[in-house]
Each structure stands twice: as C-alpha cells, then as structure tokens.
Amino acid sequence: MIFLNHKMNLTLDEVNNYIEALKNYKEKIIVLPTALYAKEFINSGYKVGLQNIYYEEKGMYTGEISPYQAFQLGASYVLIGHYERRSIFGENNEMVNKKIKSALKNKLKVVLCVGDNDDNNDFLTRQIKECLKDVQESVIIAYEPIYAIGTGIIPKIEDIQNKVNYIKSLTNSKVLYGGSINAHNIDELKTIKNLDGFLIGKASIDAQEVIKILEVASK
Ligand code: 13P
C-alpha cells in the first residue's frame, strides 16, 4: 500500500497535470490530496483519503470536515493524528481517539499516524494505547519517526524494523513507514520485513518521482 500525502501542496492546474501523469498507476496508490481537490481525484478513478477530519457529525465547527461528509464525497481513507496535526494544531491522543471512532463509524478506513524520536518504546506505547482506546476495528498504523519527517533523514533500517515488530506485537494492524522516503532510499526501505506499505510526503508531490518510487518498489 502506497499512500501519497500531499499535505498543503499543489494548485488546481498542478492537480490536473498530476492526475494525467499518474493515470496508469492508479491501482497502486492511494492519494491524500488537500480536501479541496479530493473530488478531482475521485472523479478520475483514484483511491482517495483525506488528511484529516473532525470527530463531530455536524455543527458549529468553522473550517472543519465531518467524517460523513468525507465518506459521502467518496473518500475511502482518512489520515488521523499526523505529527503536523499534533505539533501545529494541538491534537492530542484523546482527540485522535475520538476522530478514529467517528471515522470508523462512518465507514472510513483509518490510517493512524504515530511516531517518536528514539529507541525507547514508552512514548510509542502510550500513543498507540491512548489513540486506540476502546477501538475494536482494525486500523492501519503509519510509523513516522518525528526526526524523519521532511528532513531527508531516515533511521537505520534495523531501527525501523524493530519499531515495526514492536507495533505488530501490540496490535493486529497493518504497518506503514513514513518519513523522507524518495526514489533513492525506497530500495533499502522495501527490505523491511512485515511492513505493509509506505506513507510518502514531499516526494509524492512530484508525479515523476512517484513513478520512480513505484517502479523500484515493485521490483
Ligand atoms: P516526508 O516524506 O516529506 O518526510 O513526509 C512524511 C510524512 O509526513 C508523510 O505523512
């Protein structure tokens, strides 16, 4: 599973070019565009997720999108608890937990983002336990080490392997890795065992880079 997190990038013209450029790769990717352009991708037959939703069904929440609205739009996935949501917009594990429950209730598949900064698993354990409190359905977990997001730095492969193994020992979730993935390091990253896919940020904005990544990943 390869998820492409555009974050707050691409204009409408760029989105249209991107849709055209990746049309032969649609089956291999799940695009997480800015919500404004989700429909463009959906109408062109892409699998789409939103980058965020709010947990309430409707009401006085200026600027927010409800899980049902996302579902009705045709989104199949939603990213919840991304590090940028936590660090810039103040989301905590409790809010993430509410969002997960609300998304699942509205038939969205959840990609829960977690991440830490070191080998100690305490922080990660707390994040996973609190975010998944009373959640019965399975979710996908994206492990994104904080220091690897947008920095060009990736951890040692064995360190990622240990985290993937650890997360799998706690949950029955599929696990993705995210953080500074590009066409050069995907070769190494794909050697991680029991990893179910990737969550790609910056490199996903460039359709040609995505094609290169997909070609290496599928070898
Ligand atoms: P980068 O690939 O830009 O490091 O971003 C990772 C990420 O946050 C994906 O959700």
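Start at 1 and go down the list; that is how both ligands and their atoms are numbered.
Ligand 1 is never approached by S204 to a heavy-atom distance shorter than 4.0 Å. At least one heavy atom of G150 sits closer than 4.0 Å to an atom of ligand 1.
Of all the heavy atoms in I53 and A70, the pair that sits closest is CG2-CB, 4.0 Å.
Here the NZ-NE2 distance, from K202 to H6, works out to 14.0 Å after rounding to the nearest 0.5 Å. Between H82 atom NE2 and N52 atom CG the span is 11.0 Å, to the nearest 0.5 Å. In this structure, CD1 on I154 lies 4.5 Å from CG on L189, to the nearest 0.5 angstrom.
With K101 contributing its side chain and V135 its backbone, the two residues share no donor-acceptor pair below 3.5 Å. Within the 3.5 Å criterion, the main-chain N or O of K98 finds no donor-acceptor partner in the side chain of S102.
Nearest protein heavy-atom neighbour of atom 2 (O) of ligand 1: G201 N, 2.9 Å. Nearest protein heavy-atom contact of atom 8 (O) of ligand 1 is H82 NE2, 2.7 Å. The protein atom (non-hydrogen) at minimum distance from atom 9 (C) of ligand 1 is E144 OE2, 2.9 Å. Among protein heavy atoms, the minimum distance from atom 5 (O) of ligand 1 is reached at K7 NZ, 3.1 Å.
Under a 4.0 Å N-O distance rule, the pair E215/K212 does not qualify as a salt bridge.
Heavy-atom proximity to A148, at under 4.0 Å, picks out these atoms of ligand 1: 4 (O). For ligand 1, the atoms closer than 4.0 angstrom to any heavy atom of K202 are 1 (P), 2 (O), 3 (O). Close approach of ligand 1 to I149 is summarised as follows: ligand atoms under 4.0 Å from at least one heavy atom of the residue are 4 (O), 8 (O).
Residue-to-ligand polar distances keep G179 apart from ligand 1: every N/O pair is separated by 3.5 Å or more. When only interatomic distances are considered, the shortest N/O to N/O separation between T151 and ligand 1 does not fall below 3.5 Å. For A203, no nitrogen or oxygen atom sits less than 3.5 Å from a nitrogen or oxygen atom of ligand 1, counting backbone and side chain alike. Annotation: E84 places no N or O atom under 3.5 Å from an N or O atom of ligand 1; distance criterion only.
Following chains of ILVMFWY side-chain contacts shorter than 4.5 Å, one cannot reach L79 starting from V139, and the two form parts of different hydrophobic clusters.
Between the side chains of N165 and Q161, at least one donor N or O sits under 3.5 Å from an acceptor N or O.
With M95 as the partner, the side-chain contact (heavy atoms from CB on, under 4.5 Å) test is satisfied by one option alone out of N97, N93, N92: N92.
With a 4.0 Å heavy-atom cut-off, ligand 1 is reached by no atom of A142. Here N5 has side-chain heavy atoms under 4.0 Å from ligand 1, and that is the only part of it that gets that close.
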